[in-house]
Amino acid sequence: MKDMRVWLERTGLGHVALLAVVLLVVFPLALDSFRLNLVGKYLCYAFVAVGLVMLWGWGGVLSLGQGVFFGLGGYAMAMFLKLEASDKASTSIQSTPGIPDFMDWNQLTALPLWWTPFEHLPFALFAVVAAPALLAFIIGFAMFRRRVGDVYFAIITQAVALILTVLIIGQQGYTGGVNGMTDLRTLLGWDIRTDSAKYILYYVCCGLLLLSVVACLWIQKSKLGTLLLAMRDKEDRVRFSGYDVSMFKVFVFCLAAAISGIGGAMFALQVGFMSPSIVGIVPSIEMVIFAAVGGRMSLVGAVYGALLVNFGKTYFSETFPDLWMFCMAGLFIVVTMFFPNGLAGLYASKVKPMLARRAAKPASPTSPTSPVATSTATKPVTTTATSKAQEPVSGKPAAEGV
């Protein structure tokens, strides 16, 4: 049993197992379908936070545009769902039946060619991962090969988020514009709006999130993870050792983008819509805050950070509708000032040492199961030295436990 505990602590799977119990057992038993669906929405953002741990915490690259990749994955899934909801029977009242309603409103008479592949679910699932990863590869290769990094890279990713938001809103006839894609009802004929469907989608989201955490944990424990840490701390030394640092950055950037795309697809399935408001600069910065609150070096901490921040947004907006933005700002300031390493750092520096001290605390000498007490009880006290050792010294009572 002790060997199993040591192995779980060494590999980090112990915290993942505890997270799995919380997500798969505690929340479904403690929450109703509405609140559980909210938690499922929060967990979609946790995908982005997990990707940021790999990109920012381990790779040393801060991106302020992860909402772009989250949105691309969400739009890829939403396009398939929208086409399925736009069959000729459901759109018979339109001027052009068989195309999404926003296309008909903008006087399009045929489905655009680049929409056609999204009629097939396998292609949509492929695009959920491939589209964010491809865009990340183009941006990363162009930037990292020219050694653009630090604050400049963060600003460029913000600009990409702004450009994509403007593009989606401007191309209303092809993307739904500012309203986005709404009325997403079925997945291969299965109604995703029912309570039973929401429970199933919640478990699917949890399963994919846990798999993402385990995959990233495996990368962290591998030689690649060691190189990412070395690249983050001493980039020039890694480069002088013969490694292509730029391609390592491109890889981890594409990895974070692909994981974010999966989260976006699950968001479209669980919430039932996708809009450009989720792609912009503000959501992207909030996603960085999720990782910062949870701990940018901890995969499991990032999940808890996403849950905590989003729960705080919901609670404060319901309880203090006029002050909730100030409450959230106060929460972020407190965490940044007093817990710079997030929840995971607080656990590692305070909670874990306290638990270790309690576990290592010796048993009381007067305990009937104490080895000292047992050996003393089995030996007769006949010597004078033993009697004198139990007498007070200089008229003072002997110290307790001696």
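- Partners of Arg185 according to the salt bridge (charged side-chain N to carboxylate O under 4.0 Å, His left out) rule, which considers only residues two or more places apart in sequence or in another chain, are Asp183.
- Salt bridge Arg239/Asp236: present, at least one basic N to carboxylate O contact under 4.0 Å.
- A pairwise comparison of heavy atoms in Ala127 and Pro132 identifies O-CD, 3.5 Å as the closest pair.
- Residues forming a side-chain hydrogen bond (donor to acceptor under 3.5 Å, both in side chains) with Asp233 (at least two apart in sequence, or on another chain): none.
- Residues Cys216 and Ile259 form a side-chain contact, since some pair of their non-hydrogen atoms from C-beta on lies under 4.5 Å apart.
- Residues Met54 and Gln220 are in side-chain contact: their nearest non-hydrogen atoms beyond the backbone lie under 4.5 Å apart.
- For Asp101, the salt bridge (charged side-chain N to carboxylate O under 4.0 Å, His left out) partners two or more places apart in sequence, or in a different chain, are Lys82.
- Looking only at side-chain heavy atoms (C-beta outward), Tyr75 and Met181 come within less than 4.5 Å of each other.
- For the residue pair Gln66 and Ser284, no side-chain donor N or O sits within less than 3.5 Å of a side-chain acceptor on the partner.
- With sequence neighbours left out, Ser241 forms a side-chain hydrogen bond (donor to acceptor under 3.5 Å, both in side chains) with no residue at all.
- With sequence neighbours excluded, the residues satisfying ring pair (Phe, Tyr, Trp, His ring centres under 6.0 Å) with Phe290 are Tyr45.
- A distance of 6.0 Å or more separates the ring centres of Tyr42 and Phe27.
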Please list every donor-acceptor pair under 3.5 Å in which a side-chain atom of residues 299-308 meets a protein atom from a residue at least two apart or in another chain.
none

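- Looking at Glu235 and Arg147, no side-chain N of the basic residue comes within less than 4.0 Å of a carboxylate O on the acidic one, giving no salt bridge.
- No salt bridge links Asp191 with Lys198; every basic N to acidic carboxylate O contact stays at or beyond 4.0 Å.
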